[in-house]
2 protein chains.
Amino acid sequence: MAPKRVDREARREEILSAAVRVFARRGFAATRIEDVAAEAGIAKGSVYLSFGSRDELLAAAFARLAERSADVLAHASAQGAPAVERLASLVRAAVAVLADEPDLTRVMVDLWAAGRHGGAAAPLDMASVYREYRGAVADLLRRAADEGDLRPGVGEPEATVVVGAIEGCLVQWLMDPGVRLDGLAGTVVEVCLSGLRAEGGPTGP
Amino acid sequence: MAPKRVDREARREEILSAAVRVFARRGFAATRIEDVAAEAGIAKGSVYLSFGSRDELLAAAFARLAERSADVLAHASAQGAPAVERLASLVRAAVAVLADEPDLTRVMVDLWAAGRHGGAAAPLDMASVYREYRGAVADLLRRAADEGDLRPGVGEPEATVVVGAIEGCLVQWLMDPGVRLDGLAGTVVEVCLSGLRAEGGPTGP
DNA sequence: TTATTATGACTGACCAGTCAGTCATTTAAG
DNA sequence: CTTAAATGACTGACTGGTCAGTCATAATAA
């Protein structure tokens, strides 16, 4: 009845995206393995051919997030443009990732929960992801200050606020989908970067 | 064996704060009614004398949060000072609440999860809490613009970013307690408000 | 080409552990 | 003694994970 298997890796991918879809809908806590199996159109037992446990499914979702995040960061460290501009596109890229993968984004809240207390397994190392983000942003802020585009003295705290502005908009979108996430990227750039402009510099875009 | 208890309301409060403490430690999903009872120093069954269900405990935690939130908002609408200043103290007060009740703050992530999909019960109306916050901030932004302290045209999107900056810093603190939450209030004010200063106005403190 | 065997992806009934919620009984205040 | 709070053993439902068996396909033999 069931056609013989597909590529092992492809099947893993199918199950993972089914899982992400269901997690986004029902939340991780309320999602049974059977729900994931149903979404993927396979039997419950088959899920265990690709994933060792329910928690491993969430860990895989985290891995996917970390991957996207690494892409954004890697792209941002490409040289060439002034640091302020690279910073602006980093922010826009980060928001674009969220907007492009709404389901994965909706799972974020479960990822945060697992980051704080790791279910049965070891907690996800969410802290590192944010530390890297902050590090990259802080680095660009400092460079931009060196280049005279931002005021001197900017550093970690300002980076935390910039990263925070993105995550915080995400939270509000999660609670109220009426919030337009994509359009907010520009506002974040505008508010945060013009707030850090070098003294006497332009205050508007 | 057990001293007879009279004050129903005080007992409810004891249980709730015990619950918040355990939720903060283990997370809501991993917390059993028995854990809450143990933390409160009573028997499992006694919890049900004050709360109808496990979900009601989380709902009560949400109510407490909403209460704190309402306090902050109420205090912010007190007249007298220029809108920019009231805005700054609103931000500081919001952060202060988070810093003053770390356990309740740590439960936030479970509250967000319950806000999106309501477990067994109806989802918590988290959206309204944020809408009110945004509304209050947007209002103060507009007033401040009218008073000439901020540039004209500020509104909802900017309010979302300001509220987001706070929530986002909170997220980072949750994932990495090394982030100093209290000190960040000032940075949020500084970055966001100076970013919205009227053209030609001062850019630094 | 056709028959036979080997493979392993797939299935779903099953089990064992967990836990929310109940309630008969106990304790003690008034 | 009466009444209400407090208890914790108990129940019933639920679900993560297992595994013996199925069967489509691939491999090999004839």
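Each chain gets a letter, A, B and so on, in the order the sequences are listed, and its residues count up from 1. Bear in mind the structure is a predicted one, so any value in this text is a computation, not a measurement.
- At whole-Å resolution of the value, CD1 in B:Ile15 and C1' in D:dA5 are 12 Å apart.
- In this entry the distance linking CG of A:Leu58 with C1' of D:dG16 reads 15 Å, nearest Å.
- Minimum heavy-atom separation, B:Val154 to B:Ala145: CG2-CB, 4.0 Å.
- Distance, B:Tyr48 OH to D:dA9 P: 16 Å, rounded to whole Å.
- Note that CE of A:Met108 and CH2 of B:Trp112 are 11.0 Å apart. Values are rounded to the nearest 0.5 Å.
- Rounding to whole angstrom units, CZ of residue A:Arg11 and P of C:dG8 are separated by 17 Å.
- The side chain of B:Arg8 approaches D:dA5 more closely than any other nucleotide in the set D:dA5, C:dA9, C:dA20.
- Non-hydrogen atoms lying under 4.0 Å from DNA chain C are contributed by B:Thr31, B:Arg32, B:Ile33, B:Lys44, all within residues 28-45 of chain B.
- For the pair B:Arg54 CZ and C:dT22 P, the computed distance is 15 Å after rounding to whole Å.
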For A:Glu167 and A:Tyr130, run side chain to side chain donor-acceptor pair (under 3.5 Å): C-alpha distance rounded to whole Å, both residues' side-chain angles, the deciding distance at 0.1 Å, then the answer.
CA-CA 10 Å; A:Glu167 296 301 299; A:Tyr130 285 112; 2.6 Å; yes
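- The side chain of A:Ser46 has C:dC10 as its nearest neighbour among C:dC10, D:dT7, C:dG21.
- Atom-to-atom, CZ of A:Phe51 to P of D:dT18 comes out at 16 Å; the value is rounded to the nearest Å.
- For residues 26-38 of chain A, the pairs satisfying salt bridge (charged side-chain N to carboxylate O under 4.0 Å, His left out) are A:Arg32-A:Asp35, with sequence neighbours left out.
- Taking atom CG of B:Leu57 as the reference point, atom C1' of C:dA20 lies 12 Å away to the nearest angstrom.
- To the nearest angstrom, P of C:dA9 lies 13 Å from CD of A:Glu9.
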Go through it in stages, so that I can follow the logic: the residues are A:Arg151 and B:Glu190, the test is salt bridge (charged side-chain N to carboxylate O under 4.0 Å, His left out), and I'd like the CA-CA distance, side-chain angles, deciding distance and then a yes or no.
CA-CA 12 Å; A:Arg151 68 150 194 269; B:Glu190 194 185 326; 2.4 Å; yes
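- Open room surrounds CZ on B:Arg180; 12 or fewer heavy atoms of other groups in view lie less than 6.0 Å from it.
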